[in-house]
Amino acid sequence: MSTANMQLDRQGRLLHFLTVEGLSRRHLTEILDTAESLRGVAERRVKKLPTLHGKTVVNLFFEASTRTRTTFELAAKRLSADVLTLNIAHSSTVKGESLLDTLQNIEAMQCDMFVVRHQQSGAAEFVARHVKPHIAVLNAGDGRHAHPTQAMLDVFTIRRHKPDFSVLQVAIVGDILHSRVARSLIRALNILGAADIRVIAPRTLLPAQVETLGVRVFHDLRRGLQDVDVVVMLRLQKERMEGALLPTEQEFFQRYGLTEERLELAKPDAIVMHPGPINRGVEIDSRVADGPRSVILEQVTNGIAVRMAIMSITLGNHARPTGENS
Ligand code: NCD
């Protein structure tokens with residue numbers, strides 16, 4: 001069974017969230033609408049809902065993360081779950097324990113959900129295949145493959161500013177080759193019917209046959225930014241680069257860095273996004289990152305509501321007997 005299919009039950013409901021690939025517009029819209037209704041929780045005096053009361057969520061982070069890990073943690077807490085975060089890069093695997101052994105030990109602690117980040121593509125799917133059927137698995141980033149919750153918080157942020165995807169023009173700029181964020185975002189935008197998705201990068205930072213993902217390719221930043229509604233900047237993932245894919249950071253900034261002057265080429269009300277962590281002066285100028293068009297911190301805030309939505313939908317579907325109509 002493909003990753004896309006193994007996350008759905010026989011009625012086509014989401015049991016895990018491993019990739020946006022293979023999902024329908026209805027699935028994505030359900031997540032976005034649920035997140036919209038959960039957004040207000042943060043404004044309440046008591047920032048909590050009882051949805052996951054009595055449930056245990058375990059964050060398994062085999063790779064460094066700040067935003068993703070903490071917003072998953074807050075999302076689970078705001079839904080009243082008990083939450084445990086394991087930074088495994090620093091614990092058992094260092095002592096030689098296999099992923100499967102780690103899993104079985106944590107499973108033995110009777111948890112209900114695993115949130116997995118791992119440097120290996122396919123890791124979250126591997127976990128989903130090996131856990132007990134009552135456990136929901138969410139992918140918090142696997143290798144270069146997918147980062148579906150990031151894609152959902154990105155499209156959620158876009159939808160709040162630009163609700164009509166049928167006229168939406170989006171440019172994704174920079175290190176597409178190493179970016180699981182770009183892969184998942186491109187898929188989500190296509191599923192939601194975005195009019196024009198562009199990737200702007202030097203040839204060395206683009207995956208082979210990137211056009212097959214449903215994007216238009218530009219190597220020239222100025223041409224690519226022309227009239228877009230959304231600019232998504234990506235970090236240069238130097239830790240994933242082997243060999244000399246780049247000249248120097250200064251040269252990269254000269255050709256692909258987003259400055260106020262270059263942003264003028266986009267629509268006057270264009271928004272600027274970045275999944276973080278940002279490298280100031282490498283892919284983005286500080287004046288743009290901190291400027292009025294930047295929604296970078298909104299993305300972080302929205303990440304909590306979107307993750308709350310995905311957690312309640314997947315665990316809710318686990319609770320339902322199969323065959324029952326939703
Ligand atoms: C991204 C990631 O880890 O894939 N960051 C994130 O989740 N906020 C992108 C990156 O590391 O550049």
Side-chain angles (χ1 to χ4, degrees), residues 17-21 35 59-76 85 87-89 115-125 138-158 170-189 199-201 205-207 213 230-242 245-246 249 252-253 256-258 272-284 288-289 294-308 310-311:
F17 195 54
L18 307 172
T19 174
V20 287
E21 205 176 328
N59 288 330
L60 290 174
F61 277 67
F62 294 86
E63 199 190 71
S65 166
T66 311
R67 267 158 294 270
T68 306
R69 179 175 50 78
T70 46
T71 52
F72 260 115
E73 225 174 277
L74 276 179
T85 296
N87 293 313
I88 302 182
V115 177
V116 184
R117 168 169 285 203
H118 201 284
Q119 56 280 9
Q120 208 103 44
S121 297
E125 179 187 343
L138 309 187
N139 185 1
D142 62 329
R144 297 184 192 183
H145 172 238
H147 194 351
T149 63
Q150 178 72 43
M152 292 313 298
L153 78 88
D154 290 342
V155 292
F156 180 81
T157 306
I158 295 174
V170 182
I172 306 174
V173 186
D175 185 0
I176 315 282
L177 178 65
H178 301 100
S179 179
R180 52 195 175 203
V181 173
R183 277 177 187 70
S184 289
L185 178 58
I186 290 166
R187 291 209 190 275
L189 286 168
V199 293
I200 310 175
L205 293 181
L206 283 170
L213 296 175
V230 180
V231 186
V232 181
M233 300 305 299
L234 298 172
R235 183 176 68 89
L236 277 183
Q237 304 207 357
K238 282 171 286 178
E239 76 279 14
R240 295 186 195 276
M241 290 183 193
E242 290 148 22
L245 292 179
L246 275 177
E249 287 184 355
F252 182 81
F253 184 74
Y256 292 99
L258 188 63
V272 175
M273 304 175 63
H274 193 307
I278 63 174
N279 281 323
R280 293 169 184 267
V282 180
E283 68 265 352
I284 191 164
V288 177
S294 165
V295 298
I296 297 172
L297 294 178
E298 261 177 59
Q299 287 174 268
V300 178
T301 307
N302 291 338
I304 302 174
V306 167
R307 289 176 172 127
M308 285 167 79
I310 295 165
M311 287 176 156

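First listed ligand is number 1; within each ligand, the first listed atom is number 1. The residues of the chain are indexed from 1 along the displayed sequence. Because the structure is predicted, anything quoted here is derived from the model rather than measured. No hydrogens, no waters, no symmetry mates; every other heavy atom, side chains included, goes into these values.
- Scanning all heavy atoms of the two residues, the minimum distance from Ala151 to Ala188 falls at CB-CB, 4.3 Å.
- Of all atoms in ligand 1, listed by their number and element, those nearer than 4.0 Å to a heavy atom of Thr68 are 6 (C), 7 (O), 8 (N).
- With contacts defined as side-chain heavy-atom distances shorter than 4.5 Å, the pair Asn87/Arg69 qualifies.
- Remark: ligand 1 and Glu63 share no N or O pair separated by less than 3.5 Å (distance only, no angle test).
- Inclusion of Val181 in the set of residues having an N or O under 3.5 Å from an N or O of ligand 1 is not warranted.
- Among Leu236, Val181, Leu206, the single residue meeting the side-chain contact (heavy atoms from CB on, under 4.5 Å) criterion with Asp175 is Leu236.
- In the model, His274 has a side-chain atom that pairs as donor or acceptor with a side-chain atom of Glu283 under 3.5 Å.
- Numbered from 1 in the order shown, with element, the atoms of ligand 1 that lie under 4.0 Å from a heavy atom of Arg117 read 2 (C), 3 (O), 7 (O).
- From the protein, the heavy atom lying nearest to atom 7 (O) of ligand 1 is His147 NE2, 2.7 Å.
- At least one N or O atom of Pro275, backbone or side chain, sits closer than 3.5 Å to an N or O atom of ligand 1.
- Looking at His147 and Arg117, their side chains come closer than 4.5 Å, going by heavy atoms from C-beta outward.
- If you check which protein heavy atom lies closest to atom 12 (O) of ligand 1, you get Arg235 NE, 2.7 Å.
- Residues Met273 and Glu298 form no side-chain contact, since every pair of their non-hydrogen atoms from C-beta on lies 4.5 Å or further apart.
- From the protein, the heavy atom lying nearest to atom 3 (O) of ligand 1 is Arg180 NH2, 2.9 Å.
- Considering only non-hydrogen protein atoms, atom 9 (C) of ligand 1 sits nearest to Gly276 O, 3.6 Å.
- Considering only heavy atoms from C-beta on, Thr149 comes within 4.5 Å of Phe72 through its side chain.
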